[in-house]
Amino acid sequence: MVEKGILGCFILCLSLTSVCAVRGTLSSIKDLKGIEFGHTFPRHGLMLLHWLANNIYIDNNGNMRLNFNPTRGDYGFHFYGNRPPSLPILHPESGSYYSLGNMNSNGSWALPDYVTQRFYNSRGPENNRDRVILRVREDGSNQFIVDEVYVTQHYQQNENRGSAYDPANTYRVNVSLLRQIQRLATIDQNDIPRIYNVEINHNSLQDLENIWGHTPGMALLLAIVLSLTLPKLKGRCARAVETQSVMEDKDNTLIKLEVKTTDRGKARIIWSGIPKRLLDQRVMVVLHRDNNSDSKSELDRSSVGGKASGSYNTSVPLNPGLQVRLHKEVKKWWNYFWFGSTIGEEIWRGSEFHDANREIPVDINGHDASLQLFVKDGKACARLYVKKSFTAWKKTFHNSWVGFYSSLNKSMLNYNTWKWAVSFSKEIRSDLEDVPEHDVYVYYSSMVMSPGVQARFMLQRRSSEVARTLPWERVELSATRPYHREGES
Ligand SMILES: *[C@@H]1O[C@H](CO)[C@@H](O)[C@H](O)[C@H]1NC(C)=O
Ligand SMILES: *[C@@H]1O[C@H](CO)[C@@H](O)[C@H](O)[C@H]1NC(C)=O
Ligand SMILES: *[C@@H]1O[C@H](CO)[C@@H](O)[C@H](O)[C@H]1NC(C)=O
Ligand SMILES: *[C@@H]1O[C@H](CO)[C@@H](O)[C@H](O)[C@H]1NC(C)=O
Ligand SMILES: *[C@@H]1O[C@H](CO)[C@@H](O)[C@H](O)[C@H]1NC(C)=O
């Protein structure tokens, strides 16, 4: 009896914790009103939520699945344990929490530009506060089931509360909110007032469309959330929010700066959307090792030559992290002779270079392992992610090899180079602590990276292909995967 009483009390406390830990549930876009999450520039929460909604599969019964692997660190997801302070405690068999949105994690490179753009073009801690947390469990067949979705945020830096998430700003997300966000991509704008009971300011929507129009549904999400929020604020304050979040330097956000691959493994700069105002002043594209390199340590540069869009092939070997920045060009004169240009004020930054869609590892069929293609110093490289529970992998993969092909239509023996799987070397990297369930093995090949390169995994010497990566940079995939069509199963 006594024991039962204690147990009962224990369960009561547990469920109280579950209730108290989260501030409430968001079931509709309307509920995003009034909460802080992602509202103001440069916060990225609404982009994270939009990305998640469009990359999660929801069946008719509201069950949610992922087509990627958060335990491997895909998209920068990282393990957040079973007993975090701001969320209900989980029994290990009911899964674990994984957190998305830390833009300093390596995996976040794979998120599309629309999620990362604000982060590269703003300063200070506000641009990295928002997080989406999933409660994830693996079913028997390498599928990831999502039981709960939460949005949360770090404390403000001046609150001195460390790196925990703020429970007072942690909300459960009902699947119906995710469905509503999915539908925004195809909804008729004239239906918005009826469905969401809001009037959208068409000028603001047009501004938002100019910036976010390439991501279906994103502009509408912002328009609805902000038009719900703005009327509550009065006068100057409302205008301040508006300038911060809606206007967001309209002109510059159209600028696109990208690094691509030449057919010789070198970085190729592509730019577009440079406004005339800037072209008239003369601007240049400048290549940097990564976002942290200071403005003096450029790797290469080129004037844009008055062209709003164009490209420039550098002689810099391709590496993850490369970044293009747009700078004003300052001409140097000496006694009326022009003798070169120097770099002036920085105007805009692209995201760090990653071939995101290629860098999400592909499953090796029938085994707890996956294969990833990436680039280092202009060469094609591969990683094997092996689940730690797959202890017999060296025996199973004894005769297995990874081939590197110049294009997807090369036959099996038409590889450029290859390597035994068991000869890959174990990779030691500090951020691999974020993927505690996997060991990572790597091979740096001598094959020059170029568009179309592909890695394949062969189980046996002469047969049994069990995995192939997407060809490097070849197919233009859309920023979001079309995974949300309803009625699919
Ligand atoms: C990029 O660099 C700027 C300036 O150094 C910094 O404020 C910002 O946080 C950096 N962003 C990333 C993604 O590292
Ligand atoms: C989610 O919302 C639906 C209605 O849209 C409701 O029936 C359901 O109980 C909610 N689920 C949770 C976990 O709150
Ligand atoms: C730049 O590289 C691309 C891709 O390899 C190639 O198609 C193009 O011809 C190159 N341009 C120049 C000017 O070399
Ligand atoms: C194979 O790929 C190359 C380049 O990727 C292309 O030029 C060629 O036409 C393709 N051949 C076939 C049969 O598809
Ligand atoms: C990110 O990856 C690079 C290269 O793969 C590695 O050198 C670096 O340590 C990683 N970042 C962190 C935070 O571990």
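Counting convention: from 1, in listed order, for ligands and their atoms alike.
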Provide the full list of side-chain hydrogen bond (donor to acceptor under 3.5 Å, both in side chains) pairs with a residue in residues 440-455, sequence neighbours left out, each pair given once. Gln454-Arg456
Under 3.5 Å: N/O of Asn291 near N/O of ligand 1: yes
For a side chain to side chain contact (heavy atoms under 4.5 Å, CB included) with Thr71, tell me which candidate from Phe77, Tyr98, Phe79 qualifies. Tyr98
Sequence neighbours excluded, the answer for salt bridge (Lys or Arg N to Asp or Glu O under 4.0 Å) partners of Arg301 is Glu298
Under the salt bridge (Lys or Arg N to Asp or Glu O under 4.0 Å) rule, collect the residues that match up with Lys256, sequence neighbours excluded. none
State whether Phe144 and Arg137 meet the cation-pi test: NZ (Lys) or CZ (Arg) under 6.0 Å from the six-membered ring centroid, and within 45° of the perpendicular axis. no
Pair Asp439, Tyr385: side-chain N/O donor-acceptor within cut-off below 3.5 Å: no
If you measure only the distance, is there a donor-acceptor pair under 3.5 Å linking the side chains of Asn313 and Thr262? no
Using a threshold of 4.0 angstrom between heavy atoms of the protein and any atom of ligand 3, which residues qualify? Thr262, Asp263, Arg268, Asn313
Per-atom filter on ligand 1: closer than 4.0 angstrom to a heavy atom of Arg349 are 1 (C), 2 (O), 3 (C), 4 (C)
